[in-house]
Amino acid sequence: MTALTGEHENGRHMNSSQHHGSHEDNLRRIHALILAADGPEEQLAAVIRSAGAELTAADLVDELASRADLSEQLAAPMAVQFELAFDGVVLQHHLLAGPKAEHRTGPADAPSASVELDLLDLARAVFGARHTAGHRTPRIKWHGIEDPARVLPAMAAFPVVQQLLRGLAEQPLDLAELSLRYGSDKWGLHYYTDHYARHFAPLRDRPLTVLELGIGGYADPAAGGGSLRMWKRFFRRGLVYGVDVYDKTAMREQRIHTVQGDQADPAFLTALAERIGPIDIVIDDGSHYCPDVITAFGALFPHVVPGGLYVIEDLQTSYWPGFDGSSQRLSDPTTSMGFLKQLLDGLNHEEHEPPAARRAGEADRTLAGAHFYHNLAILDKGRNEEGTVPVWIPRRRLSAEEIAGAQWAAEPQPEADPD
Ligand SMILES: C[S@@+](CC[C@H](N)C(=O)[O-])C[C@H]1O[C@@H](n2cnc3c(N)ncnc32)[C@H](O)[C@@H]1O
């Protein structure tokens with residue numbers, strides 16, 4: 001993971017996730033910027049003033065750097081300077097790009113390139129919806145390009161700046177590739193990424209909140225976070241939260257927040273959802289122990305927004321006794337798949353006969369769809385209260401005589417000619 005540092009106004013270099021205040025304060029600040037980025041110009045400017053223009057500029061440069069994968073392609077270190085105009089002043093930030101990129105405020109000593117842009121345009125391009133992304137392209141100055149003796153080192157900055165500015169435009173991102181790049185097992189050990197790509201595509205441009213249970217790396221505090229980084233990259237306007245029983249504070253970065261807790265604890269999950277919710281997407285990739293899967297669904301599904309999704313991975317454990325699953329008790333609602341099969345009957349809760357045969361619960365009324373794949377379930381949150389078919393439609397199979405005599409089966413008679 002690229003380590004980015006920004007400089008505090010007091011001159012200290014800080015990790016980008018530590019600019020002023022707590023990590024949750026930083027998330028709130030970024031969230032406000034994301035929401036304002038496709039709103040009216042004055043509103044966006046007001047949000048930037050209230051957060052601090054210098055801090056906002058740092059957040060945006062950090063975001064560009066995190067989208068650029070600089071460590072993958074840099075041999076020699078070089079400085080790229082950003083000159084960002086706002087409220088009549090030009091804010092200067094630079095990235096010391098190299099295998100370990102560093103972000104600092106102020107001008108660089110010997111920049112290879114300078115990128116000039118209006119701060120509002122940068123905010124729109126980075127965090128606005130696609131249709132609001134700035135139409136004004138940045139002005140790039142290549143330092144040394146006029147001097148034949150310096151032209152080759154100057155040209156070495158071309159791919160670095162191109163990678164950095166990629167983050168201003170919508171990029172075609174392949175989830176399998178992101179999964180491998182960031183070290184998730186969602187492609188390879190499993191093949192979930194194509195299903196995610198299909199179901200998540202309509203949500204990709206939204207300012208949303210994603211919560212994943214299970215950060216990865218188990219007891220190693222320095223390991224895991226692969227899928228959190230994958231979601232951050234995929235959802236360019238998303239805040240990504242991860243929960244794990246182990247401390248994963250080291251995995252925090254801009255737009256990624258980690259919380260330590262147990263998915264078997266409904267009070268913890270409810271308090272978390274009340275603090276960060278409403279949630280657009282929940283992904284359960286935690287313990288995969290059947291009772292925990294069911295507990296987490298009960299606590300978190302009510303906090304998913306209408307139109308949001310609840311995903312459960314690794315449903316193979318529903319058949320494994322070591323996870324309280326069973327291949328014999330296939331409809332047992334204490335196994336994950338048995339529980340989900342019951343939910344499916346709730347999708348049709350208005351059709352049960354007699355109607356009192358099923359008393360609709362909250363999940364019945366708010367589960368709007370369900371999609372099942374190998375070891376994966378993707379559940380649609382919504383209103384499931386369309387009403388049943390009309391009462392005159394028989395609730396039993398009719399005999400041939402009844403069908404022939406039924407009013408709705410009669411041939412339409414031609415209307416009598418009034419002349
Ligand atoms: C398969 S890994 C998650 C991988 C990650 N989502 C990814 O795709 O890169 C499962 C993680 O769940 C965590 N875990 C296990 N039991 C848990 C529980 N009861 N509550 C929360 N997290 C749990 C483990 O510590 C482990 O880090």
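Atoms within a ligand are numbered from 1 in the order they appear, just like the ligands themselves. No hydrogens, no waters, no symmetry mates; every other heavy atom, side chains included, goes into these values. Fair warning: this is a prediction, and the values are worked out from it, not measured in the lab.
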**OP:** Flag yes if more than 12 heavy atoms outside E386 fall under 6.0 Å of its CD atom; otherwise flag no.
**Re:** no
**OP:** Check the angle between the aromatic planes of H23 and H257 and answer parallel, tilted or perpendicular using the 30° and 60° thresholds.
**Re:** parallel
**OP:** Could you tell me whether a side-chain N or O of N348 sits under 3.5 Å from a main-chain N or O of E351, the two making a donor and an acceptor?
**Re:** no
Subject >> Criterion side-chain hydrogen bond (donor to acceptor under 3.5 Å, both in side chains) on E83 and Q81, from CA distance to verdict >> reply: CA-CA 7 Å; E83 300 188 1; Q81 182 154 306; 2.9 Å; yes
Subject >> Lys/Arg-Asp/Glu bridge criterion (N-O < 4.0 Å) met for R206, D280 >> reply: no
Subject >> Under 4.0 Å from ligand 1, counting heavy atoms only: the protein residues, by chain and number >> reply: S184, D185, K186, E212, G214, I215, G216, G217, Y218, S227, D244, V245, Y246, G261, D262, Q263, D285, G286, S287, D292
**OP:** Please work out whether the ring planes of W187 and Y191 are parallel, tilted or perpendicular, with thresholds of 30° and 60°.
**Re:** perpendicular
